Number of protein chains: 2
Amino acid sequence: MAEIDTASFVPSLAIDCVVFGFHENELKVLLLKLTGVDVWALPGGFVDKNKDLEKAAIDTLEVRTGLTDIFLRQFHTFGSIARNDPNHPKFLIDKGLISEDLFDWFNQRFVTIGFYALVEYSQVKEPVPGPISEACEWCSVNDLPPLMLDHQEIVEKAHKALKRELSYQPIGLNLLPNQFTMSELQALYETILETQLDRRNFRRKILSYGILKDTKKFRTGVAHKAPALYEFDVSAYKKASQAGLNMGW
Amino acid sequence: MAEIDTASFVPSLAIDCVVFGFHENELKVLLLKLTGVDVWALPGGFVDKNKDLEKAAIDTLEVRTGLTDIFLRQFHTFGSIARNDPNHPKFLIDKGLISEDLFDWFNQRFVTIGFYALVEYSQVKEPVPGPISEACEWCSVNDLPPLMLDHQEIVEKAHKALKRELSYQPIGLNLLPNQFTMSELQALYETILETQLDRRNFRRKILSYGILKDTKKFRTGVAHKAPALYEFDVSAYKKASQAGLNMGW
DNA sequence: CCAAAAGTGTTACTTTTACACCCATGC
DNA sequence: GCATGGGTGTAAAAGTAACACTTTTGG
């Protein structure tokens, strides 16, 4: 059961993180399964009085994934009254997830600031559950388990924000391993955008941005012709990120 | 001096509104001048415990502008520690703006949710100052007076968000009078984007979206050739808004 | 009659789309 | 040797950018 020092937190405020990963051609999000019930939640938490919002998100992510230096972006703040289910605190207590003392804290109206994060799936060795959860797992965004409160809406809004981001900025550096094939990069784009793209046109366009480096290496050991391996040219990538060019897909 | 019932507010939370208007080829924002000092602030306020964030913003705007049904969009939440100037509460008390009893309330760490609004300049007959301000005026975004706390940063971020919005959605319905000339619409785009556009190409492109209706009327009484007056085709405009087409300028 | 803004069309260029063939590899 | 995905080129279409002349009006 969670024992927390609520006095150290900013009242009424929470953060929630939608951590995106990419694996087997699926866009995944990291979710926590609450102990003893089939209800899942986004990693997140309360905001320490002496901590920037962003830092609160970074710290949460470090605990869950072991990763530092994660790509993070604030995308929306959820603050409707309706999101505060009056039965929720009681639910948590009944299930033995939090102590009865915490009723008042959890019974507040919370406004939550939503962040999304992009991480390389394979670098998250073993996602770490929190005090009130028994599992931390990747779930496909297209096949989400039952989520707590309005967390489903938060995931959807994050996905939408990510899609939009794709039109402005290069994406991939934070989601793919160091080296990857053109097809893998394309699959990432197709997955995020939920659409199909022409192989040849995709290649031409993405190369035209000058953010890829040909490693002169090939992925071997797989069936068929060995595909070339690319890396991001990090400095060009970052320049393109800042310029924020219009890259309509 | 402001007397407020802090008990009815969500602690730690505030909203700030960047109200954009367009007048004499300038992008303006509505600002409040604090009584007795040359410090200006964004319209905003605290969030009533029983009010949605959005509703809190709407209500603030109604009080200041007299307008209901304002175009409103949440664009960022400002939550760094650094934004809470420890001298600020004392400053307000010293200047006689708030009573000493309110020190603790104003001395909290506040996280503020930023909204921007688009309104038709001429419809705001007489902007209304608040309890701690003596004036409410339009100021050019390119020539802002000294602003309270991080309000300058908030304005800048809102302008950036508005610029970005322009690439996704038609804009103008909320900023221009019912009828307007092509040049006025172009001036609005140029002002928001801070760039020059080719007259002929602009006309062709904006007409191609099918969101304008030719009123068959002309602006008379001005020098030179009488320009045609257009209106937005509201249903087409809204359709385009929802579709969110890529309209790179 | 002239200065100033309004209105209109064409051409070159760039970007996007659609599509078909050969290549290399593991099985 | 063949099925499968990898790699390449080209032509048509659409969209964008650059640019010049005529029209109308108030002064």
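Please read all numbers here as calculations on a predicted model, not as lab measurements. Letters go in sequence order (proteins before strands), and every chain restarts at 1.
Note: CD (A:Gln196) to P (C:dT17) measures 15 Å, nearest angstrom. The separation between B:Glu184 atom CD and C:dA5 atom C1' is 13 Å, rounded to whole Å. As a whole-Å value, the separation of B:Arg203 CZ from D:dT16 P is 17 Å. The nearest whole Å value for the distance from the NZ atom in A:Lys216 to the P atom in D:dG7 is 13 Å. Distance A:Arg219 CZ to D:dT4 P: 21 Å, rounded to the nearest Å. When the P atom of D:dG6 is taken as reference, atom CG of A:Asp214 falls 15 Å away, rounded to whole Å.
The side chain to side chain donor-acceptor pair (under 3.5 Å) contacts involving residues 135-147 of chain A comprise nothing, where partners must be two or more places apart or lie in separate chains. Here ring pair (Phe, Tyr, Trp, His ring centres under 6.0 Å) pairs that include residues 145-165 of chain B, with residues two or more places apart or in two chains, number zero.
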Side chains of residues 18-31 of chain A: which donor-acceptor pairs under 3.5 Å do they make with residues two or more places apart or in other chains?
residue	atom	partner	partner atom	Å
A:Glu26	OE1	A:Lys28	NZ	3.3

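The salt bridge (Lys or Arg N to Asp or Glu O under 4.0 Å) check on A:Lys33 picks up A:Glu134, with sequence neighbours excluded. In this structure A:Asp233 satisfies the side-chain contact (heavy atoms from CB on, under 4.5 Å) test together with A:Lys213, A:Ser235, A:Ala236, sequence neighbours excluded. Under the salt bridge (Lys or Arg N to Asp or Glu O under 4.0 Å) criterion, A:Glu62 pairs with no residue, sequence neighbours left out. Looking at residues two or more places apart in sequence or on another chain, you find a side-chain contact (heavy atoms from CB on, under 4.5 Å) between A:Ile58 and A:Glu54, A:Leu72.
For A:Lys205, no side-chain nitrogen or oxygen approaches OP1 or OP2 of C:dT15 to under 4.0 Å. For the pair B:Ser183 and C:dA6, the criterion of a side-chain N or O lying under 4.0 Å from OP1 or OP2 is met.
Here the two rings, on A:Phe180 and A:Phe232, have centers that are under 6.0 Å apart. No close placement of the A:Phe75 and A:Phe115 rings is indicated, their centers lying 6.0 Å or farther apart.
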Does the protein touch nucleotides 19-27 of chain C at the base, only the backbone, or not at all? Give it as B, S and - per nucleotide, heavy atoms under 4.0 Å. BB--BBBS-
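Contact check of residues 187-195 of chain A against DNA chain D (heavy atom, cut-off under 4.0 Å) returns no residues at all.
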